[in-house]
Amino acid sequence: MALSDDKTAQYLGRPVEVEDPSNANQCMDWAFLACDIMGIPRATIRHLFAYQAFTQPNAATYQHFNIIPNTPEYVPPANALAVWGTAVGRAGHIAWVLTGSTRTLLKTSDQNWNAVQRIQRVDHNYRGVIGFLVPKNLNNQGVSQMGATKVTRDTLRMIHTEMEGWPYHETHAGKYDAQFNASWGGADLEAVMWEKWNKNGAWRDMRVAAIDYYNNVKPSVEKQVKSQMDQITSLTTTIGEKDKAIASLTAENDALKKQIANTPSGGLDQSTIDTIRENNGLLKQIWAKITGVFK
Ligand SMILES: [Ca+2]
């Protein structure tokens, strides 16, 4: 489930007013809140009319969104902002894309669509849609899909240690607990992670680099691991064979020892003596090989 799905469920049926109260509960209010939730500045989409969010992108818009025109083939991902032109009204329209759109079905959550001035889920066709603003961090949906897990004190401590670079021992000694509670008390983990991910560029870049590095070295590491596993399998087989040889020779030796014990003094024939010597030699060799394997 994407962030837009989660938050739509949370706000469903409610009016949203976040900017310009002289124009209450507009589609732009929901789009602004969507930006807030995604950690994207409102300035990326702020214009007189909704359609201008697509037709008049600014530097910030390009920084935070991929700007993609509506074409018959394109299916926008969840979390994108869909923008309608003046075909649907003087101001156009803007809505937040949900999971599950197809080439002919555009699933969004909207405010002020069909004059409904609260949040509703709407199944649109693409009529009048001019394009989409797709958040560039959309590929980080793993972060946004953790659901509404409430952050615990320990989680907050870890997030601060990891993302802010605060000293581990001080964070975990509870030094910053009051600050945590003031800023994020009652927040859900998804929101906290999303906010930090979007606001802390250095941390994010480091993690992205780490993931890239991991993806690059993964094949060679997997190859090494496989080769070592093969070696272990082969050595285990060898050890099994040697164990069997030892058991067989030991049994033979035991039998010969019994024979010696039961033979009157001086009665041991030369071939029996030779066999005992030979077996002892073989046992020593095998033992040397086995211990050699584990050096
Ligand atoms: Ca407003």
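This one's a predicted model, so the numbers in the text were calculated from it and none came from an experiment. Ligands are counted one by one from 1 in listed order, and the atoms in each one are counted from 1 as well.
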Would you mind reporting whether F132 and L106 have side-chain heavy atoms less than 4.5 Å apart? yes

Around atom CZ of R90, are there more than 12 heavy atoms of other residues, nucleotides or ligands at under 6.0 Å? no

So, N25 and the Ca ion (ligand 1): N/O/S under 3.0 Å, yes or no? no

Count the heavy atoms of every other residue, nucleotide or ligand shown that sit under 6.0 Å from CZ of R46, and state whether that count exceeds 12. yes

N23 O and D29 OD2 subtending at the Ca ion (ligand 1) (10° steps): 100°

How is the N/O/S atom of E19 that comes nearest to the Ca ion (ligand 1) named? O

State the atom name: nearest N, O or S atom of D20 to the Ca ion (ligand 1). O

May I ask you to check whether W113 and W30 place their ring centres under 6.0 Å from each other? no

